[in-house]
Colleague: 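The structure's right below; bear with me while I get my questions together.
What you see is a predicted model, and the numbers here were worked out from it, not measured in a lab.
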Amino acid sequence: MHRRRRTAISVSAVLLAAAPLLTACGSEAHPGAAAVIGGQRVEVSTLQAQVADVRAAQAKAPEGQQMIADTGQLGRAKLFDLIVDRVVKKAADDAGITVTRKELQQAQAAYTAQAGGAEALAATFLQQRGVAPDQVDGVVEREVLIGKLAESIGAANTPDGQQKLNAVFTAAAKSLDIDVNPRYGTWDNQKLVLGDYKAPWITQLTKQAPPANEVPTA
């Protein structure tokens, strides 16, 4: 069982490592929106607020100037995160998967313990994922959902398992009819990426993942 949990959590890299691409069209019909996902607008102001949150945290960090320089496409990175959040939640909803408060607390505790404390965890997310401290909880919830979804469909950490999990996310993305403002690129349902955007830090946190047996799957 522990092996299965370890496999499920590690498979989260499939989606997270995919650095943004998806298909968008006609965003001019949605002025002020960075994207429209499942009929719901992601306002440019909402995206800008997330970017400002990260920039404020980076500015306070010891290597803040370097982090800022390394995250020049932060707006696209945050939009990618917002899209991925919706895709993962849609896939989880379709599969009848939810995350309890206890599961989130335990997952948070596992990540914190592995990182060496809350401050170290926040620093890791900020540096490697462009995630501000108050955005960490949302990312942890997404990680747990991905792990539970992977386990529910038997998606092992193999090429076949990754393909199986990607197929689930692709179906969810297609059903959401994602339309991205051209200024941020286009969303590709098959590749699960946003334009030509590349975020090298996105793939790194999976190396920091907590021991799988510390993250409950039920």
Colleague: Using a 3.5 Å distance criterion without hydrogens, assess whether the side chain of T100 forms a donor-acceptor pair with backbone atoms of E103.
Modeller: yes

Colleague: If you take all heavy atoms of F125 and V140, which pair is closest and at what distance?
Modeller: CZ-CG2, 4.4 Å

Colleague: Are there more than 12 heavy atoms of other residues, nucleotides or ligands under 6.0 Å from atom CD of E119?
Modeller: no

Colleague: Examine V180 and V44 and state if one hydrophobic cluster contains both, with Ile, Leu, Val, Met, Phe, Trp and Tyr joined whenever side-chain heavy atoms are less than 4.5 Å apart.
Modeller: yes

Colleague: Please report the interatomic distance OG1(T124) to CD(Q114), rounded to the nearest 0.5 Å.
Modeller: 9.5 Å

Colleague: Working to the nearest 0.5 Å, report the span between CG of L149 and NZ of K89.
Modeller: 14.0 Å

Colleague: Donor-acceptor pair, K78 side chain versus T46 backbone, under 3.5 Å?
Modeller: no

Colleague: Just wondering, do Q128 and M67 contact through their side chains at under 4.5 Å, heavy atoms?
Modeller: no

Colleague: Assess whether side chain to side chain contact (heavy atoms under 4.5 Å, CB included) is satisfied between I83 and V42, documenting all intermediate values.
Modeller: CA-CA 9 Å; I83 293 172; V42 175; over 6 Å; no

Colleague: Are any of the side-chain heavy atoms of E141 and D137 separated by less than 4.5 Å?
Modeller: no

Colleague: Tell me the closest heavy-atom pair linking L145 and A92, and the distance in Å.
Modeller: CD2-CB, 3.8 Å

Colleague: So do R142 and D81 actually touch side chain to side chain, heavy atoms under 4.5 Å?
Modeller: yes

Colleague: Report yes if some heavy atom in the side chain of D160 is under 4.5 Å from a heavy atom in the side chain of K164; otherwise report no.
Modeller: no

Colleague: For the residue pair G130 and L74, what are the closest heavy atoms and their distance?
Modeller: O-CD1, 4.3 Å

Colleague: Roughly how far apart are Q127 CD and D70 CG, rounded to 0.5 Å?
Modeller: 8.5 Å

Colleague: For the CG atom of D53 and the CD atom of Q50, what is their distance to the nearest 0.5 Å?
Modeller: 7.5 Å

Colleague: For a quick test of reading the model, state the closest non-hydrogen atom pair linking G75 to V51 and the distance between them.
Modeller: CA-CG2, 3.7 Å

Colleague: Considering only heavy atoms from C-beta outward, does the side chain of L79 approach that of N181 to under 4.5 Å?
Modeller: no

Colleague: Could you tell me the separation between the CD1 atom of I37 and the CG atom of L176, rounded to the nearest 0.5 Å?
Modeller: 7.5 Å

Colleague: Check the surroundings of atom CD in E43: do more than 12 heavy atoms from other residues, nucleotides or ligands lie under 6.0 Å from it?
Modeller: yes

Colleague: Any chance you could measure Q163, atom CD, to T158, atom OG1, to the nearest 0.5 Å?
Modeller: 9.5 Å

Colleague: Mind listing the closest non-hydrogen atom pair of L192 and A173 along with its distance?
Modeller: CD2-CB, 4.3 Å

Colleague: Report the C-alpha separation of Y111 and V136 in whole Å, then their side-chain angles, then the decisive distance to 0.1 Å, and conclude whether the side chain to side chain contact (heavy atoms under 4.5 Å, CB included) test is met.
Modeller: CA-CA 11 Å; Y111 275 101; V136 170; over 6 Å; no

Colleague: Determine, stepwise, if the pair V144 / Q106 fulfils side chain to side chain contact (heavy atoms under 4.5 Å, CB included).
Modeller: CA-CA 10 Å; V144 177; Q106 291 179 320; over 6 Å; no

Colleague: Could you walk me through whether V54 and T71 pass the side chain to side chain contact (heavy atoms under 4.5 Å, CB included) check?
Modeller: CA-CA 10 Å; V54 173; T71 54; 5.9 Å; no

Colleague: Looking only at heavy atoms, which two atoms of A33 and V36 are closest? And how far apart?
Modeller: CB-CG2, 4.4 Å

Colleague: Would you find a donor on one side and an acceptor on the other, under 3.5 Å apart, between the side chain of T170 and the backbone of A167?
Modeller: no

